[in-house]
A.B. asks: 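This structure is in structure tokens; I'll ask about it shortly.
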Protein chains: 2
Amino acid sequence: MDNLSTTEENYIKAIYHLQQADSTVSTNDVAAKLNTKAASVTDMLKRLNTKQVLNYEKYRGFSLSDEGERVALGIVRKHRLWEFFLVEKLQFGWDEVHAIAEELEHITSKVLIERLDNFLGNPKFDPHGDPIPDSNGKIQTLPQINLVDMPIGETAKVSAVGSQSTELLELLTHKKIAIGTPITIKKKFSFDNSLEIETYSDQRFTISRELALALFVTKQQL
Amino acid sequence: MDNLSTTEENYIKAIYHLQQADSTVSTNDVAAKLNTKAASVTDMLKRLNTKQVLNYEKYRGFSLSDEGERVALGIVRKHRLWEFFLVEKLQFGWDEVHAIAEELEHITSKVLIERLDNFLGNPKFDPHGDPIPDSNGKIQTLPQINLVDMPIGETAKVSAVGSQSTELLELLTHKKIAIGTPITIKKKFSFDNSLEIETYSDQRFTISRELALALFVTKQQL
DNA sequence: TAAATATTTTAGGCAAATCTAAATTATTTA
DNA sequence: TAAATAATTTAGATTTGCCTAAAATATTTA
Ligand SMILES: [Mn+2]
Ligand SMILES: [Mn+2]
Ligand SMILES: [Mn+2]
Ligand SMILES: [Mn+2]
């Protein structure tokens with residue numbers, strides 16, 4: 001059920017992520033995500049169907065098989081563990097690691113990834129707050145909500161970011177907000193939908209709606 | 001001068017290593033090293049010639065261009081740094097790392113390898129004792145000799161091994177010999193060409209000619 | 001040096017992954 | 001519901017990397 005090419009793995013992962021966001025995924029969705037053409041996607045869908053990782057009926061749609069999902073989770077696991085390594089051990093910024101992890105996720109050694117996991121202390125979340133599947137493909141999901149949906153007076157910890165852009169990282173670094181930072185909503189201004197928040201006892205300031213939309217929080221401990 | 005495929009990189013590295021061992025390299029040599037066929041090698045030689053990494057004239061021979069050598073040293077650098085990482089940080093045995101490094105050496109990020117180098121403490125030699133080229137492609141060569149060529153009474157440190165087999169590793173582990181271990185030649189037996197050696201003050205024993213041939217030593221400090 | 005042998009290259013073909021353009025099928029809209 | 005539009009698939013090419021068999025060239029040997 002293995003011996004998949006890097007290209008096939010990238011398709012499987014793309015379909016997995018698209019399915020997470022919206023259970024019905026189209027040929028065009030995949031083409032857009034992978035910067036390729038619909039005709040190329042159709043070719044690949046037929047191959048993935050033959051390889052049993054996809055259930056595909058032409059013109060009717062497709063979805064990952066159980067085996068396909070297992071494969072996808074394995075790639076996601078590798079991607080996120082490598083991202084964690086790059087940020088924690090090699091001092092990369094979270095905005096720099098995605099492209100590198102996109103290559104590292106295809107290194108095939110099974111034992112390598114298990115040892116890397118141990119070396120890193122078996123992290124449960126990557127630098128963007130996304131959960132790292134365990135070796136069985138189990139994902140520890142956090143009950144997280146968008147910061148704009150949190151009621152006034154409540155406190156929760158930043159658990160994930162909705163974007164990996166350099167611009168967001170720059171802003172968060174400047175405001176000393178990171179994954180794990182506790183945030184309390186102090187006030188909401190309806191004029192521009194900005195929010196007044198408190199991070200530590202002495203840190204109280206206003207953030208834009210755009211920024212709040214890019215932050216997810218949870219009351220669970222990370 | 002970049003955008004080389006993994007396959008092209010593997011050919012360049014193979015030609016580099018073959019040139020190190022013997023300055024004239026044949027099509028068949030490359031085919032043997034890469035487990036492929038002479039006709040495939042010829043195809044690739046033409047492509048590498050077009051890409052300026054190889055000087056090639058049909059039926060007359062070929063050799064890496066300066067640019068080709070630069071590329072080769074970059075791949076060797078990545079290969080050996082990753083091997084060092086696998087052994088030092090992830091507790092792999094030296095006999096397990098080659099295949100994994102064979103994949104990792106093709107990860108493209110320039111900054112990744114520089115940060116990895118720093119993270120590892122800028123090692124000069126890989127787990128097999130082979131020198132790691134610096135970021136400019138400079139190699140720190142040690143004046144090393146084969147253990148069988150060392151005179152009686154002299155002491156030197158193990159600097160490299162001539163094989164990466166599990167069998168050799170098992171034997172060296174059992175005899176407590178590693179890269180850096182000082183060895184003194186005590187006696188040579190002409191009957192079977194075995195050698196009596198001393199490692200630490202209280203460790204004195206005989207090794208076979210086969211084992212001695214697999215060990216290289218240097219008087220310089222590692 | 002001429003024949004035998006070995007090496008290298010060419011010819012022709014195949015599979016993976018991609019593309020554009022055209023055809024087919026599904027969905028929307030009037 | 002029929003036409004228009006959108007989505008998907010097919011047809012036919014291209015590039016990379018590889019193969020086998022045959023041809024060309026180089027080297028060795030008698
Ligand atoms: Mn990828
Ligand atoms: Mn991530
Ligand atoms: Mn390789
Ligand atoms: Mn090595």
Side-chain angles (χ1 to χ4, degrees), chain A residues 1-15 18-19 21-64 68 71-72 75 102-103 105-106 108, chain B residues 1-15 18-19 21-64 68 71-72 75 102-103 105-106 108:
Chain A
M1 336 297 203
D2 262 33
N3 67 332
L4 295 159
S5 70
T6 292
T7 309
E8 289 167 340
E9 288 192 347
N10 282 336
Y11 271 92
I12 292 168
K13 197 183 66 162
I15 294 168
L18 289 168
Q19 276 185 351
D22 183 346
S23 59
T24 95
V25 180
S26 73
T27 304
N28 277 338
D29 290 342
V30 177
K33 181 129 192 167
L34 293 178
N35 282 307
T36 186
K37 299 299 151 75
S40 305
V41 174
T42 300
D43 287 347
M44 184 58 85
L45 294 178
K46 285 192 268 189
R47 279 236 308 289
L48 295 179
N49 183 60
T50 304
K51 293 204 174 191
Q52 317 260 2
V53 291
L54 199 73
N55 303 310
Y56 169 66
E57 285 174 89
K58 68 173 173 176
Y59 289 115
R60 312 243 11 264
F62 55 88
S63 64
L64 290 178
V71 170
I75 305 164
E102 204 58 45
E103 294 182 48
E105 72 190 358
H106 304 289
T108 53
Chain B
M1 335 298 203
D2 262 32
N3 66 332
L4 295 159
S5 71
T6 292
T7 309
E8 289 167 339
E9 288 192 347
N10 282 336
Y11 271 91
I12 292 167
K13 196 183 66 162
I15 294 168
L18 290 167
Q19 277 185 349
D22 184 345
S23 58
T24 94
V25 180
S26 73
T27 303
N28 277 336
D29 290 342
V30 178
K33 181 127 191 167
L34 293 178
N35 283 308
T36 184
K37 298 300 152 73
S40 304
V41 174
T42 300
D43 287 347
M44 183 59 86
L45 294 179
K46 285 192 268 190
R47 280 233 308 290
L48 294 178
N49 183 60
T50 305
K51 293 205 175 191
Q52 316 261 3
V53 291
L54 198 75
N55 302 310
Y56 169 67
E57 284 175 271
K58 68 175 173 175
Y59 288 116
R60 313 244 9 263
F62 54 88
S63 65
L64 290 179
V71 170
I75 304 164
E102 205 57 46
E103 293 183 48
E105 71 190 358
H106 304 289
T108 55

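Every value quoted in this text rests on a predicted model; they were computed, and no experiment measured them. Keep in mind that the numbers below use all heavy atoms, side chains included, and drop hydrogens, waters and symmetry copies. Throughout, a chain's letter reflects where its sequence line sits, starting with A, and its residues are numbered from 1.
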A.B. asks: Between C:dT18, D:dC18, C:dT9, which nucleotide gets closest to the side-chain atoms of B:T42?
C.D. replies: C:dT9
A.B. asks: To the nearest Å, give me how far apart CG (B:L54) and P (C:dT8) are.
C.D. replies: 14 Å
A.B. asks: Nearest 0.5 Å please: distance from the CG atom of A:L54 over to the OH atom of A:Y11.
C.D. replies: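 Those atoms lie 12.0 Å apart.
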A.B. asks: Counting C-beta onward and ignoring hydrogens, is there a side-chain heavy-atom pair between A:V53 and A:E8 closer than 4.5 Å?
C.D. replies: no
A.B. asks: For the pair made of CZ in A:F62 and P in D:dA7, what is the distance, rounded to whole Å?
C.D. replies: 13 Å
A.B. asks: Indicate yes or no: does A:E102 engage A:K13 in a salt bridge with an N to O separation below 4.0 Å.
C.D. replies: yes
A.B. asks: Have a look at A:Y56 and say if it touches a base, only the backbone sugar-phosphate, or nothing, with a 4.0 Å heavy-atom cut-off.
C.D. replies: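 Sugar-phosphate contact only - A:Y56 comes under 4.0 Å of backbone atoms but never of a base.
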A.B. asks: Counting only side-chain nitrogens and oxygens, does B:K58 get under 4.0 Å of the OP1 or OP2 atom of D:dA26?
C.D. replies: no
A.B. asks: Measure the distance from CD on B:E57 to C1' on C:dT9 and round it to the nearest whole Å.
C.D. replies: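 After rounding, the gap between these two atoms is 15 Å.
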A.B. asks: Ignoring hydrogens and angles, answer whether the base of C:dT7 and the side-chain atoms of B:Y59 contain a donor-acceptor pair closer than 3.5 Å.
C.D. replies: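 By the distance-only test, no, there is no pair.
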A.B. asks: Any idea which heavy atoms bring B:N3 and B:K51 closest together, and the distance?
C.D. replies: O-NZ, 3.5 Å
A.B. asks: Does B:Y11 have a side-chain nitrogen or oxygen under 4.0 Å from the phosphate oxygens OP1 or OP2 of D:dC18?
C.D. replies: yes
A.B. asks: Rounded to whole angstrom units, what separation is found between the CG atom of A:N49 and the C1' atom of D:dT9?
C.D. replies: 14 Å
A.B. asks: Could you state the NZ-P distance from A:K46 to D:dT8, rounded to the nearest angstrom?
C.D. replies: 14 Å
A.B. asks: Do you know which two heavy atoms are closest between B:M44 and B:T7, and how far apart they sit?
C.D. replies: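 Shortest heavy-atom separation between B:M44 and B:T7 comes out as CE-CG2, 3.7 Å.
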A.B. asks: Quickly work out the B:K51 NZ to D:dT16 P distance and round it to whole Å.
C.D. replies: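 Going from B:K51 (NZ) to D:dT16 (P), I get 7 Å.
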A.B. asks: Report the distance from atom CZ of A:R60 to atom P of D:dA7, rounded to the nearest whole Å.
C.D. replies: 18 Å
A.B. asks: Verify whether one side chain among A:D29 and A:S26 offers a donor that lies under 3.5 Å from an acceptor in the other.
C.D. replies: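 Their side chains do contain a donor-acceptor pair, which is all the 3.5 Å distance test asks for.
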A.B. asks: Heavy-atom distance under 4.5 Å between the side chains of B:F62 and B:T27, does that happen here?
C.D. replies: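 They are in side-chain contact.
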A.B. asks: Using a strict heavy-atom distance below 4.0 Å, which residues from residues 27-40 of chain B are in contact with DNA chain C?
C.D. replies: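 Close to the strand are B:T27, B:N28, B:A38, B:A39.
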A.B. asks: Could you tell me how far apart B:D43 (CG) and D:dT15 (P) are, to the nearest whole angstrom?
C.D. replies: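 One finds 15 Å between P of D:dT15 and CG of B:D43, rounded.
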